[in-house]
Structures are given as structure tokens and as C-alpha cells.
Amino acid sequence: MRNGHFQASYGRLVQLTDNAVVWRWCVLFGVALCVLPFVVDAYGLSIATSICLQVVGILGLNLLVGNAGLISLGYSGFLAIGAYASTILHIDLGLPMLVTIPLGGVAAALAGLVIGIPSLRLKGLYLAITTLAFAFIVNHGIVEGGDLTRGSAGILVPDLTILGVDLSGTRSFYYVCLGVAAVAGLTMLNLGRSRIGRAFLAVREYDIAARAMGVNLWKYKLYAFVISSFYIGISGGLYAHYVSYLNVDNFSPFIGIEAIAMVIAGGLGSVLGSVAGVVILMLLPELIRLVLGLFGPDLTAVFSTNALEVRGVILGLVIILFLRFEPDGFAGIWREAKRIWSQWPYAK
């Protein structure tokens with residue numbers, strides 16, 4: 001009986017999937033995402049767009065934290081660098097947006113290299129504090145950036161235009177974010193099956209043994225920082241066009257805590273988990289708001305007035321509950337469900 005765990009050749013082992021059912025579900029899911037803008041209202045489409053651009057950044061963070069085992073709280077700093085770099089390159093230098101958004105990712109990757117080099121000997125809490133300090137430094141640099149970053153006054157971001165086509169409409173921008181998220185996810189899946197991806201896992205599990213096996217720890221840790229930062233920078237470039245106005249207040253270090261919560265809820269080192277973590281934490285506040293609305297407008301008003309505080313409570317509860325009851329996150333729940341299904345009725 002097919003169980004999906006054992007393969008007869010190495011080629012079949014490293015391919016994405018040889019299961020026709022999985023491909024059919026992927027096609028149906030892709031069609032549903034393409035049709036989504038025509039079946040939801042403007043608010044629902046805004047949430048879907050936010051999920052797509054968040055997925056890109058969380059894929060990068062999960063590579064660093066989940067695959068390479070390097071804890072980072074500097075997500076907001078890399079996001080800000082990507083957003084400001086892509087916007088400034090377009091406004092001040094006149095570069096086309098098709099070029100500036102990837103260059104924003106490159107700028108964030110260079111920042112990841114700079115922060116990664118002094119962090120090579122750091123682990124755990126020390127690395128987390130270092131990256132958190134980096135996020136505060138970036139915010140301070142934005143405020144004191146003068147004419148370059150426009151300081152606390154912020155920057156008005158032009159409408160997204162690629163090759164002369166205006167993509168600032170809600171549907172058009174959703175499809176751009178969806179396409180970038182799809183490419184980012186496929187790239188990350190293939191990266192995980194490569195030599196670099198396997199080296200990341202070796203570094204995460206036991207770095208001393210990985211070094212004994214010939215894995216260059218410094219090189220692959222820097223790879224993880226650079227690739228992760230590039231993904232987050234691309235997400236930042238898209239985020240700039242999503243919010244249409246850049247200000248230091250958009251990049252609070254609290255965003256890094258929220259991103260870590262998404263990684264934990266989804267599952268460390270899992271592409272599917274990255275997507276699931278974003279969806280769970282983006283839709284959970286909306287679900288709670290709808291449930292509270294059933295008990296009267298007063299509770300809904302309290303939720304709306306204290307949305308930031310309620311969101312913080314939700315993030316804290318999600319982290320505690322997943323760490324206590326399901327450390328592998330949604331990806332672990334999915335793997336267990338597949339195991340029970342494939343081995344039924346003999347699964348325990």
C-alpha cells in the first residue's frame with residue numbers, strides 16, 4: 001500500500017511529489033486563489049493580498065529560524081530596508097519598479113550579510129537580542145536619515161506600475177502578490193531539496209556533527225541570513241505599495257514577534273507551515289471579531305477600539321498553546337493526519 005514515505009530511486013525521493021492526487025489538489029487550490037477576487041468584497045481581498053505578501057517574508061524567516069536554526073527578531077528591520085530601498089530607488093533615481101523591488105531585496109540581503117558576519121559566533125538568546133537591536137538601529141536610521149528617508153515625515157509611495165501597466169488596483173495588486181508568493185514558495189521548496197537546504201538542516205540539528213561531516217558552518221549560516229533577508233526585502237517592497245505611505249511607525253519591532261508567532265504556529269522548517277501560519281494569525285482576529293459580533297455591538301466596539309492590544313494577546317496565546325501542545329505547529333498536525341489516513345485502520 002502506498003504511504004508516501006519510501007521511494008525506489010533518488011530521483012523520486014527529491015522531486016516535489018509523484019502523487020497525481022496532490023497535483024490535482026494544487027491545481028484546484030491555484031484556480032480557487034485566481035477566482036477569489038471575484039467572490040469576496042474589497043475588505044476580504046485586502047486581507048488576501050496582505051496574506052500573500054506576508055507569506056513571502058515568512059518563508060524567508062522560516063528558512064533562517066526553522067531550517068537553519070538561527071533565531072532572529074530583526075524581521076521588521078529587513079522589511080523596512082526592502083521597503084525604503086525599493087521606494088527611494090524609484091523616486092530619487094527613477095529606476096523602474098520591475099527593477100527596484102528586486103533591488104530592495106538585494107539591499108536587505110546585503111544588510112543580512114552585514115548583520116550575519118558578527119553574529120556567526122552567537123546562538124540562541126544572544127543572536128535573538130542582536131537581531132532585535134538591529135531592528136531598533138534601522139528604525140533610528142530611518143528617523144535620522146534626513147533627505148534620504150524623509151525622516152519622520154515619511155514617503156508617499158507611487159502607484160505600482162510595471163512595464164507601463166498600472167497594477168495599483170486591488171485585483172491587479174493581489175495577482176502580483178499572489179504570483180510573487182507562488183514563485184517564492186516553489187523556489188523555497190526546491191532550495192530545501194538541494195545541497196544547501198540539507199546543509200541548513202544539518203546546521204540546525206547539530207552544528208558540531210555538521211562541521212565534522214564537512215559542512216562549512218560560517219558559509220551556510222551566511223547563506224541563510226542572505227537568502228532569508230532577500231525574501232523579507234522583497235516582501236517589504238510589496239508592502240510599501242500595499243500601505244502606499246512609508247513611515248517608521250509601519251516597522252515596529254513588534255512585527256518581528258508577530259512573524260515568529262507565524263513561524264511557530266505554522267511549523268518550523270516547513271513551506272506549507274509558513275503559509276498556514278500566516279493564514280492562521282491573519283484570519284484569527286477576524287474570526288474572533290465575527291464571533292464577538294454575535295454577542296452584540298458592544299463587544300465588537302471594544303475589539304475595534306483595542307485591536308492592537310487584542311492582537312497582542314492573541315499572538316501570546318498562540319505561541320504558548322502551540323509550544324505546549326503542538327511544537328511542530330500546523331505542519332506537524334498535517335503530517336500526523338496524513339500518517340493516520342495512510343495507515344488506517346492500523347494507525348495508533
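Residues: numbered from 1 along the sequence shown.
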Treating S50 as the side-chain partner and I47 as the backbone partner, does any N or O pair qualify as donor plus acceptor under 3.5 Å? no
Does the side chain of I51 come within less than 4.5 Å of L283's, by heavy atoms? yes
CD1 (I101) and CD1 (I234) are apart, to the nearest 0.5 Å, by 7.5 Å
Kindly give the heavy-atom pair with the smallest separation between A259 and I58, and that separation in Å. CB-CD1, 3.7 Å
Between A224 and L70, which heavy-atom pair has the shortest distance, and what is it? CB-CD1, 4.4 Å
Please indicate whether Y245 has more than 12 foreign heavy atoms, meaning atoms of other residues, nucleotides or ligands, lying under 6.0 Å from its OH. yes
Distance-only, no hydrogens or angles: does the N250 side chain make a donor-acceptor pair with backbone N or O of A80 under 3.5 Å? no
For G60 against Y231, the heavy-atom pair lying closest together: CA-CB, 3.6 Å
M97, L178: one ILVMFWY side-chain cluster at the under-4.5 Å cut-off? no
Count I, L, V, M, F, W, Y as connected when their side-chain heavy atoms are under 4.5 Å apart, and connections chain through other members. Are M282 and L321 then in the same cluster? no
Would you sort out whether F251 and V138 count as a side-chain contact (heavy atoms from CB on, under 4.5 Å), showing the intermediate values? CA-CA 9 Å; F251 304 100; V138 170; over 6 Å; no
Reported CG-to-OG1 distance for the pair L45 and T170, which is rounded to 0.5 angstrom: 5.0 Å
So does A42 get a backbone contact from the side chain of S46, meaning a donor-acceptor N/O pair under 3.5 Å? no
Once you round to the nearest 0.5 Å, how far does CH2 of W218 lie from CZ of R211? 8.5 Å
Keeping the roles fixed (side chain from D41, backbone from G44), state whether a donor-acceptor pair exists under 3.5 Å. yes
Mind checking whether Y175 and L33 sit in one hydrophobic cluster, side chains of I, L, V, M, F, W, Y counted as touching below 4.5 Å? yes
Between N190 (side chain only) and T187 (backbone N and O only), is there a donor and an acceptor less than 3.5 Å apart? no
Between I81 and F134, is there a side-chain heavy-atom distance shorter than 4.5 Å? yes
Determine the minimum heavy-atom distance between V275 and V55, stating which atoms define it. CG2-CG1, 4.0 Å
Is the backbone of D147 close enough, under 3.5 Å, to the side chain of R150 for a donor and an acceptor to pair up by distance? yes
Main-chain N/O of S270 paired to S274 side chain as donor or acceptor, under 3.5 Å: yes
Pick one: which of L59, N62, L63 meets side chain to side chain contact (heavy atoms under 4.5 Å, CB included) with V271? L59
Check whether V40 and V278 end up in the same hydrophobic cluster, where Ile, Leu, Val, Met, Phe, Trp and Tyr are linked by side-chain heavy atoms less than 4.5 Å apart. no
Using a 4.5 Å cut-off on heavy atoms from C-beta on, say whether the side chain of L191 contacts that of S194. yes
Nearest-0.5 Å distance, CD1 of residue I91 to OH of residue Y84: 10.5 Å
Taking C-beta and beyond as the side chain, do T87 and T100 meet within less than 4.5 Å on heavy atoms? no
Looking at side-chain heavy atoms only, is the closest gap between V157 and Y242 below 4.5 Å? no
Roughly how far, to the nearest 0.5 Å, is the CG atom of L132 from the CD1 atom of I137? 10.0 Å
In terms of hydrophobic clusters joined by side-chain contacts under 4.5 Å, are F29 and V35 together? yes
Do side-chain atoms of S172 reach the backbone of L167 as a donor and acceptor pair under 3.5 angstrom? no
Using the six-membered ring wherever Trp is involved, compare the ring planes of Y223 and Y220 and label them parallel, tilted or perpendicular (cut-offs 30° and 60°). perpendicular
Short side-chain to backbone donor-acceptor contact, S235 and L53, under 3.5 Å: yes
Smallest heavy-atom separation, L127 atom then I71 atom, equals CG-O, 3.3 Å
Take atom CZ in F173; do more than 12 heavy atoms of anything else shown fall under 6.0 Å from it? yes
Measuring from atom OG1 of T131 to atom CG of L64, what distance do you get when rounded to the nearest 0.5 angstrom? 8.5 Å
Mark yes or no for whether S228, through its side chain, and F225, through its backbone, hold a donor-acceptor pair below 3.5 Å. no
Given side-chain contact (heavy atoms from CB on, under 4.5 Å), test V65 with I260 step by step and report yes or no. CA-CA 9 Å; V65 178; I260 287 291; 4.1 Å; yes
